[in-house]
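Here the structure is a predicted model, which means the values were calculated and not measured.
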Amino acid sequence: MKQYTRKDLMKKWFDFYTSKNHVIIPSASVIPENDPSVLFTTAGMHPLVPYLLGQPHPKGKRLCDVQKCIRTGDIDEVGDNSHCTFFEMLGNWSLGDYFKKEMISWSYEFLTSPDYLGIDPNKLAVTVFAGNENVPEDKESAKYWEEAGIKRENIYFLKDNWWILGSGVGPCGSDTEMFIDSGKPKCSPECNPSCDCGKFMEIWNDVFMEFRTNEDKTVTKLSQHNVDTGMGLERVLCKLNNVESVFDTEIFAPVIKRLEELSGKDYRDSQYTASFRIIADHLRTSTMIIGDEQGIAPSNIGQGYVLRRLIRRAIRHMRKLEIEAGFLGEIANIYVEYFKEDYPELKQNQEKIVEELNKEEQKFLKTLELGNKEFDKVVNGMMRKNEFMKDKDGFIPETQINGKSAFRLYDTFGFPIELTVEMAKERGLSVDIEGFNEAFKAHQELARSTSAGAFKGGLADDSVWTTRLHTACHLLLAGLRKMFGTHIEQKGSNITSERLRFDFNFDRKLDENEVKELEKFVNDAIAKNIDIERVEMSFKDAKNCGGYGIHKADENETVSIYKIGDLDFQICGGPHAKNTSELVNFRIAKQEAVSAGVRRIKAVINF
């Protein structure tokens with residue numbers, strides 16, 4: 001049987017639609033421009049919203065492409081046969097041109113014609129819109145499918161067959177979805193393509209946009225009707241080649257092979273299969289995000305947070321396969337070489353991709369080991385208690401990690417709550433998410449109390465990360481004094497567990513090179529693993545030894561000095577980290593003017 005490649009499928013798609021007078025357009029960025037309600041481009045229509053609303057497209061009314069897409073709502077499903085966080089969407093559009101009749105006829109033709117995919121019509125099932133209070137059921141689409149050749153019993157009316165932007169406002173309409181029937185028996189008399197039993201796999205979706213949902217949730221007609229379709233390339237390739245999963249296609253084969261070589265383990269060994277797939281998927285998605293035209297770096301918010309979660313999840317599964325550190329960039333390079341012809345931005349940003357992956361790995365590995373130990377302590381404590389109490393009347397064994405412990409893993413060890421949930425699930429446990437959210441909220445409220453003077457020295461609380469950021473403030477000031485002179489003094493600070501805000505006397509904005517130099521000073525200190533020493537002496541002696549940082553004290557008053565090697569000798573009440581390495585990585589996020597002659601720096605340390 002012929003084995004199809006990704007290129008084969010793309011060529012068939014473009015050949016088919018250019019024969020129908022469509023113009024090929026390039027993939028847009030994975031960072032959406034027209035829908036701020038979503039972090040990533042989740043469908044091919046995101047870049048085309050203005051044209052779906054009536055603005056003329058420079059290439060005409062009939063378009064087709066292959067769009068880079070990212071969806072992370074199903075991240076926990078990655079590892080099964082069909083879910084990917086990054087995928088390529090084969091798409092075609094009618095902007096006020098053809099509509100349901102032509103699109104359904106062409107969909108059937110492309111799926112079943114021996115010149116294209118050649119799928120047996122008896123293996124196809126379709127769904128159409130069952131209607132709601134605003135729009136009636138889509139009998140028209142059902143009629144066209146039956147006329148094309150789909151059996152009546154394989155046409156299902158479902159309420160979910162309605163498409164709209166993630167914001168819930170904008171162009172919308174009924175859709176019809178196409179599925180391949182695996183041949184497995186129905187799981188129940190009610191089994192249909194919306195069921196997740198594995199009998200049906202969705203491969204294509206035709207959206208008929210003829211409405212607009214307004215801000216007040218009313219539904220009105222668009223000035224033109226449109227067609228927006230999306231076919232998942234990986235899933236179709238899987239079915240065409242009759243392989244078990246999307247990860248068994250040639251897209252992932254080189255990475256799976258390399259992971260087998262690095263781990264010495266067999267991908268087909270069921271105890272490891274999911275880890276192979278998660279690594280392969282997450283590093284492909286990470287490569288696409290960092291290497292995009294609008295490339296994103298790992299961070300604690302927005303797209304950067306999703307990216308960080310993907311990379312760290314991949315790292316954890318590499319450890320489960322006993323793959324040593326240092327190979328993220330190599331895996332990324334395999335993807336760059338594979339996709340570079342279609343997405344040249346990956347090759348252009350190759351160095352950046354490898355650099356960001358390696359930096360994130362180093363940051364995470366510093367905390368992962370400690371976090372894993374703490375997680376084990378929490379779980380083992382639960383197990384010991386269960387064992388001790390098992391014979392007590394009415395005792396119910398604990399199976400849930402409490403919210404306070406989950407928050408400590410987040411706050412102290414940098415574990416995203418999703419990672420704690422995943423690790424708990426592997427042990428047959430759950431996590432008290434509500435309790436975590438309450439602890440997180442209480443933490444935020446504590447941080448806000450700084451403005452009322454609840455804590456000394458500008459610290460919002462005494463958590464581990466706030467303490468580390470306080471130490472970063474000392475290094476920041478030491479760097480400023482080295483660069484600009486010892487007349488530089490602290491004029492105020494505010495520190496939470498997420499960021500530091502530091503004010504100092506200076507009469508202009510730091511230029512780009514100065515910011516880099518300052519960051520380098522702090523990060524070099526972090527890299528040197530310098531122990532932080534606390535000593536006590538009189539204020540007079542402290543001043544004589546070069547101590548600084550306090551303006552008023554009696555000469556004989558005992559003060560605390562925090563010494564960071566030969567870099568800083570500052571009079572301070574604390575608290576501080578024990579070693580500079582605990583800060584992991586320092587980055588200046590923003591600088592601004594506070595008042596005449598006073599500047600403010602906002603900075604973060606990444607865990």
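- With salt bridges taken as basic N to acidic carboxylate O contacts below 4.0 Å, one links Lys221 and Glu210.
- Residues passing the salt bridge (charged side-chain N to carboxylate O under 4.0 Å, His left out) test with Glu434: none are found, sequence neighbours excluded.
- Atom-to-atom distance recorded for Arg308:CZ and Ile311:CD1 is 8.0 Å, nearest 0.5 angstrom.
- Side-chain contact between Ile31 and Asp292 is present, with at least one heavy-atom pair separated by less than 4.5 Å.
- With respect to Lys100 and Asp138, a salt bridge is recorded, a charged nitrogen being found less than 4.0 Å from a carboxylate O.
- Between Tyr51 and the options Lys61, Gln224, His57, a side chain to side chain contact (heavy atoms under 4.5 Å, CB included) holds for only His57.
- Taking each heavy atom of Ile353 and Ile290 in turn, the nearest pair found is CA-CG2, 3.7 Å.
- Counting heavy atoms of neighbouring residues, nucleotides and ligands inside a 6.0 Å radius, atom NZ of Lys590 does not exceed 12 of them.
- The closest side-chain heavy-atom distance from Glu356 to Glu360 is not below 4.5 Å.
- When the shell of 6.0 Å around NZ of Lys352 is examined, it contains more than 12 heavy atoms from other residues, nucleotides or ligands.
- Val227 has its side chain within reach of Thr229: a pair of non-hydrogen atoms, C-beta onward, lies under 4.5 Å apart.
- Remark: Glu153 CD is packed, more than 12 non-hydrogen atoms of other residues, nucleotides or ligands lying under 6.0 Å away.
- Checking Phe247, Phe87, Phe276, Tyr338 one by one against Phe252, the ring-ring contact (aromatic ring centres under 6.0 Å, His included) holds for a single residue, Phe247.
- The side-chain heavy atoms of Met318 and Leu328, taken from C-beta on, include a pair separated by under 4.5 Å.
- Note on Glu418 versus Arg313: no salt bridge recorded, every NZ/NE/NH1/NH2 to OD/OE distance being 4.0 Å or above.
- For Trp204 and Trp13, the gap between ring centers is short of 6.0 Å.
- Closest heavy-atom contact between Arg284 and Ile251: NH1-CG2, 3.7 Å.
- A salt bridge links Lys68 with Glu293: the closest approach of a Lys/Arg side-chain nitrogen to an acidic carboxylate oxygen falls below 4.0 angstrom.
- Between Asn154 and Lys151 the shortest side-chain heavy-atom distance falls below 4.5 Å.
- Under the 4.5 Å side-chain criterion, counting only non-hydrogen atoms from C-beta, Leu48 is in contact with Leu63.
- Residues Val128 and Thr176 come closest through the heavy atom pair CG1-OG1, 3.6 Å.
- Side-chain atoms of Ser27 never come within 3.5 Å of backbone atoms of Gln67 as a donor-acceptor pair (strictly under, hydrogens ignored).
- Salt-bridge formation is not detected for the pair Asp115/Lys12: no Lys NZ or Arg NE/NH1/NH2 atom is positioned less than 4.0 Å from an Asp or Glu carboxylate oxygen.
- Looking only at atom types and distance, the side chain of Asp175 has no donor-acceptor partner in the side chain of Trp163 under 3.5 Å away.
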Quiz item: After noting the C-alpha distance and the side-chain angles of Glu109 and Leu117, does the key distance pass the side-chain contact (heavy atoms from CB on, under 4.5 Å) rule?
Solution: CA-CA 9 Å; Glu109 180 184 355; Leu117 302 192; over 6 Å; no
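- Between Glu146 and Lys143 there is no salt bridge, since none of the side-chain N atoms of the basic residue sits less than 4.0 Å from a carboxylate O of the acidic one.
- Across all non-hydrogen atoms, the minimal contact from Cys69 to Gly44 is SG-N, 4.1 Å.
- The structure places CG of Leu237 at 9.5 Å from CZ of Arg6, a figure rounded to the nearest 0.5 Å.
- Phe440 has its ring centre less than 6.0 Å from the ring centre of Tyr410.
- Here the side chains of Met103 and Tyr108 are not in contact, with every heavy-atom distance at 4.5 Å or above.
- Of all non-hydrogen atoms in Arg277 and Asp80, the two that sit nearest each other are NH1-O, 3.1 Å.
- Using a 4.0 Å cut-off between a side-chain N of Lys or Arg and a carboxylate O of Asp or Glu, Glu337 and Lys340 qualify as a salt bridge.
- Between the side chain of Thr18 and the backbone N or O of Asp15, at least one donor-acceptor pair lies under 3.5 Å.
- Formation of a donor-acceptor pair under 3.5 Å by the Gln350 side chain with backbone atoms of Val336 is not found in this model.
- Asp281 contributes a side-chain N or O that, together with a main-chain N or O of Thr85, makes up a donor-acceptor pair within less than 3.5 Å.
- Looking only at distances, no side-chain donor or acceptor of Tyr98 sits under 3.5 Å from a matching main-chain atom of Asn226.
- Ring planes of Phe200 and Phe179: perpendicular class, angle over 60° (limits at 30 and 60°).
- In this structure, Asn349 contributes its side chain and Leu346 its backbone to no donor-acceptor pair below 3.5 Å.
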Practice problem: Determine, step by step, whether Tyr305 and Ile296 satisfy the side-chain contact (heavy atoms from CB on, under 4.5 Å) criterion, reporting the C-alpha distance in whole Å, the side-chain angles of both residues, the deciding distance to 0.1 Å, and the verdict. | Solution: CA-CA 10 Å; Tyr305 179 77; Ile296 301 294; over 6 Å; no
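- A donor-acceptor pair under 3.5 Å is absent between the side-chain atoms of Lys20 and the main chain of Trp106, judged by distance alone.
- For the pair Leu9 and Tyr4, the minimum side-chain heavy-atom distance is 4.5 Å or more.
- The backbone N or O of Thr42 lies less than 3.5 Å from a partner atom in the side chain of Arg71, making a donor-acceptor pair.
- Ion pairing between a basic and an acidic side chain is recognised when a charged N comes within 4.0 Å of a carboxylate O; Lys359 and Glu361 show no such pairing.
- The pair Arg316-Glu426 counts as a salt bridge, with a side-chain nitrogen and a carboxylate oxygen less than 4.0 angstrom apart.
- Ring pair Phe86/Phe339 is perpendicular by interplanar angle, where above 60° counts as perpendicular and below 30° as parallel.
- Asp181 has no carboxylate O lying under 4.0 Å from a charged side-chain N of Lys123, or vice versa, which leaves the two without a salt bridge.
- At least one donor-acceptor pair under 3.5 Å links the side chain of Asp120 to the backbone N or O of Asn122.
- Heavy atoms of other residues, nucleotides or ligands lying less than 6.0 angstrom from CD of Glu512 number 12 at most.
- Scored by the ring-ring contact (aromatic ring centres under 6.0 Å, His included) test, Phe16 finds Phe110, Tyr116 as partners (sequence neighbours excluded).
- Contact between Gly173 and Val207 at its shortest, heavy atoms only, is O-CG1, 4.3 Å.
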Self-check item: Ile180 vs Leu124, side-chain contact (heavy atoms from CB on, under 4.5 Å): CA-CA, chis, key distance, verdict
Solution: CA-CA 5 Å; Ile180 291 181; Leu124 293 173; 4.3 Å; yes
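- Annotation: Lys186, atom NZ; neighbour count of heavy atoms from other residues, nucleotides and ligands within 6.0 Å is above 12.
- Between Phe129 and Phe157, a ring centre-to-centre spacing not shorter than 6.0 Å is recorded.
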Practice problem: With salt bridge (charged side-chain N to carboxylate O under 4.0 Å, His left out) as the test, would you mind laying out the steps for Lys257 and Glu260 before giving the verdict? | Solution: CA-CA 5 Å; Lys257 179 182 178 183; Glu260 285 186 315; over 6 Å; no
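- Although no hydrogens or angles enter the test, the distance criterion places no donor-acceptor pair under 3.5 Å between the side chain of Glu177 and the main chain of Asn161.
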Quiz item: Does the side-chain contact (heavy atoms from CB on, under 4.5 Å) test come out yes or no for Ser107 and Trp145, once each step is laid out?
Solution: CA-CA 9 Å; Ser107 297; Trp145 276 120; 3.8 Å; yes
